[in-house]
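Read the structure below first, then the notes.
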Number of protein chains: 2
Amino acid sequence: MPAPQRAPTLADVARVADVSRATASRVLANNGYAAAHTRDRVTAAAEKLGYQPDPAARALVRGTGVRLVTVVHGTSPRVLEDPYVDQVVGAAARVCAPHGVGVALHWLPTRDLAQLRQLGEQRGVSGLILVNTTPAVLAAVPPTLRGRVASLGVGSPVVASFDIDNGGGTTALVEHLYATGRRRIAMISGSSWLPCAGRSVRAYRGVLRAAGLPPRLVRGDFTAGRGRAAAREVLARWPDTDAIVGASDVTSFGVLSGLLRDGVQVPGDIAVTGFDDTPLAAMTNPSLTTSTHPVAGIATAAVTAVLNGNAILPQTLFPSRPVHRMSG
Amino acid sequence: MPAPQRAPTLADVARVADVSRATASRVLANNGYAAAHTRDRVTAAAEKLGYQPDPAARALVRGTGVRLVTVVHGTSPRVLEDPYVDQVVGAAARVCAPHGVGVALHWLPTRDLAQLRQLGEQRGVSGLILVNTTPAVLAAVPPTLRGRVASLGVGSPVVASFDIDNGGGTTALVEHLYATGRRRIAMISGSSWLPCAGRSVRAYRGVLRAAGLPPRLVRGDFTAGRGRAAAREVLARWPDTDAIVGASDVTSFGVLSGLLRDGVQVPGDIAVTGFDDTPLAAMTNPSLTTSTHPVAGIATAAVTAVLNGNAILPQTLFPSRPVHRMSG
DNA sequence: CACACCCCTGAGAACGTTCTCATTGCAAAC
DNA sequence: GTTTGCAATGAGAACGTTCTCAGGGGTGTG
């Protein structure tokens with residue numbers, strides 16, 4: 001009769017390779033001593049049987065979790081709809097899969113940062129990826145989680161943090177607008193409580209100050225709806241505006257929507273730029289000039305940092321490169 | 001000295017409730033007999049200690065997996081960028097989290113369906129959610145996975161399947177276009193190998209036939225780039241076209257992009273409709289008339305079906321309701 | 001030859017659940 | 001009063017891995 005179709009275990013590999021389970025484990029987990037010929041026999045056996053370690057058993061004994069929680073911070077659950085967030089989470093899931101770790105998605109309401117504690121106290125959580133982090137969020141991270149947290153959006157010496165060079169990216173964009181003759185440049189910022197939004201604003205102010213121009217700043221919140229409304233506010237306050245810098249692509253989708261609906265020519269009357277280079281940025285009318293970021297690389301770095309544990313706490317700044325399209 | 005901050009285990013609960021681990025397990029997993037007062041004592045103890053079962057241990061002994069794999073089928077990895085897919089995966093992750101199960105995201109290339117076998121043979125996979133399923137994909141599902149698979153995109157008696165009423169949704173949209181005076185209605189279909197795309201096409205043909213109108217069909221692939229190109233093909237072949245039905249919102253984003261760039265008025269010259277009601281559909285210029293679907297509900301149904309195992313194989317059709325905006 | 005020393009290995013105990021099996025009561029049926 | 005049957009419980013073995021510990025066996029030095 002054929003074997004009952006049970007998945008091969010470490011014991012099976014050990015039996016085939018004629019070694020003990022301990023030795024097989026050492027070889028396959030690649031820690032501890034193992035003679036070259038033993039190593040070969042074990043890997044051959046594993047190969048032959050198509051052995052795959054059981055993530056559950058491994059997680060159980062290692063005390064490590066079994067899923068990684070991606071926590072997206074924001075005032076409304078709609079942040080989860082942002083393509084930038086989607087890209088981060090998607091990339092994280094792809095990186096985790098080979099490790100037998102899954103990804104759970106969670107929204108952290110700004111009003112209730114205490115939820116972070118609950119999240120961390122859950123069993124089986126191998127770590128946290130915080131998206132849209134703020135200092136307040138960082139402060140709410142329970143100490144038990146220290147070392148298993150990666151932060152996207154604010155640097156910190158106590159957790160691994162990965163960030164986008166919003167300052168550099170925004171500077172490049174605003175300088176480009178200036179270089180193409182724009183002199184009355186407005187900005188629709190991101191949510192003011194986000195450090196990355198602050199960096200963009202400072203960069204914007206910096207370029208204008210250097211050029212001797214006054215800032216025109218309206219607060220946004222990274223949503224398209226707010227972007228649209230904010231664009232109208234800009235025009236109401238400063239009717240001669242000739243460029244609008246959006247804090248995110250989604251913001252600028254709203255800006256384009258509002259301007260075009262009001263009969264404003266883009267880029268004829270007003271130039272518009274976004275931030276993130278989401279897939280649809282090339283599909284708007286006119287296509288959106290924006291700044292691109294290595295999202296997959298960021299997610300990969302964050303996941304590996306968390307999965308490798310608390311040894312190293314890297315702080316990396318990823319570049320922001322302008323992408324010139326039709327809108328500005 | 002204080003306890004060394006170890007998470008409470010079932011044994012702790014049992015000790016506090018003064019019962020055996022077996023009894024505690026019975027109560028908390030809610031299977032097997034337990035006297036009312038015992039039940040109370042155990043739940044009280046669990047509550048008091050803040051007990052959370054360890055998903056890894058549970059998965060290990062139950063033989064059930066530890067993560068759920070969402071497999072998105074398509075010709076290019078760009079399918080993963082589709083907002084519809086993002087919404088499904090996000091909803092799935094949210095449903096899974098309380099069960100201690102994570103979600104992994106995977107792209108299944110049309111050219112290499114055999115990858116599905118590898119995916120299924122991986123340890124720790126509690127089930128598969130197939131997005132964009134086709135009969136060929138279903139046939140490639142290894143028998144060992146039967147009963148742990150949910151299919152989105154094609155019905156089947158052997159796996160749980162959840163589907164959108166593409167036919168009904170498309171019919172409503174096309175009839176709406178007809179009712180508003182459009183008589184030369186073209187369609188840009190989805191990828192031809194997808195059954196749901198086929199249903200939409202049939203519905204489109206059906207309405208036109210009933211009205212005595214000839215179809216104008218160009219094949220798309222659910223991407224914005226192809227949508228844009230296809231729109232131009234439509235105008236090249238049938239210059240008097242007065243409406244274009246896109247198979248997805250993303251397709252129609254491309255259509256809008258192409259038409260507007262060519263100076264066509266929407267909806268003045270040509271009406272455009274989408275499908276899915278993605279968040280950005282309200283933000284295009286003009287805003288996109290489309291059809292909305294209970295994505296979160298679909299994902300929830302699929303996840304619970306897989307997690308509950310092979311007992312029931314529901315086949316559900318979810319409704320598609322038209323959303324009227326400016327584009328048509 | 002004896003003594004370290006170091007590379008390598010195996011036995012066996014964890015990890016935290018669930019599940020099978022045997023055993024206890026206790027009530028109803030004979 | 002004995003038997004049957006069932007609700008309720010506990011003891012203990014799984015599940016598949018990793019890790020600690022205690023040795024073997026070589027080699028080089030004294």
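A, B, ... follow the sequence lines: proteins, then strands. Residue 1 opens every chain.
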Touch class at under 4.0 angstrom, heavy-atom based, for B:Arg21 against every strand present: base
Gap between atom CG of B:Leu108 and atom CG of B:Leu119 - 0.5 Å precision: 8.0 Å
Salt bridge (charged side-chain N to carboxylate O under 4.0 Å, His left out) against A:Arg41, all qualifying residues, sequence neighbours excluded: none
Check: A:Trp193 and A:Thr110 side chains under 4.5 Å, non-hydrogen atoms: yes
Sugar-phosphate, base or nothing in reach of B:Ala35, heavy atoms under 4.0 Å: sugar-phosphate
5' priority, DNA chain D, between A:Arg62 and B:Arg62 [closest heavy atom]: B:Arg62
Test log, rule side-chain hydrogen bond (donor to acceptor under 3.5 Å, both in side chains), inputs B:Thr133 and B:Ser151: CA-CA 6 Å; B:Thr133 326; B:Ser151 153; 3.2 Å; yes
Sugar-phosphate only, base, or nothing, as touched by B:Arg26 at under 4.0 Å among non-hydrogen atoms: base
Covered region of DNA chain D, 5' end to 3' end, by chain B [heavy atoms, under 4.0 Å]: D:dA7 to D:dG16
Side-chain N,O (A:Thr23) to OP1/OP2 (C:dG10) below 4.0 Å: yes
Touch class at under 4.0 angstrom, heavy-atom based, for A:Ala34 against every strand present: sugar-phosphate
No-hydrogen, no-angle side-chain donor-acceptor test under 3.5 Å, B:Arg67 and B:Gln122: yes
Length of the OH-C1' vector between B:Tyr33 and C:dG25, whole Å: 15 Å
Sugar-phosphate, base or nothing in reach of A:Thr9, heavy atoms under 4.0 Å: sugar-phosphate
Residue closer to the 5' end of DNA chain D, B:Leu60 versus B:Ala36 (nearest nucleotide): B:Ala36
Distance in Å, B:Asp54 CG paired with A:Leu60 CG, rounded so as to fall on 0.5 Å steps: 6.0 Å
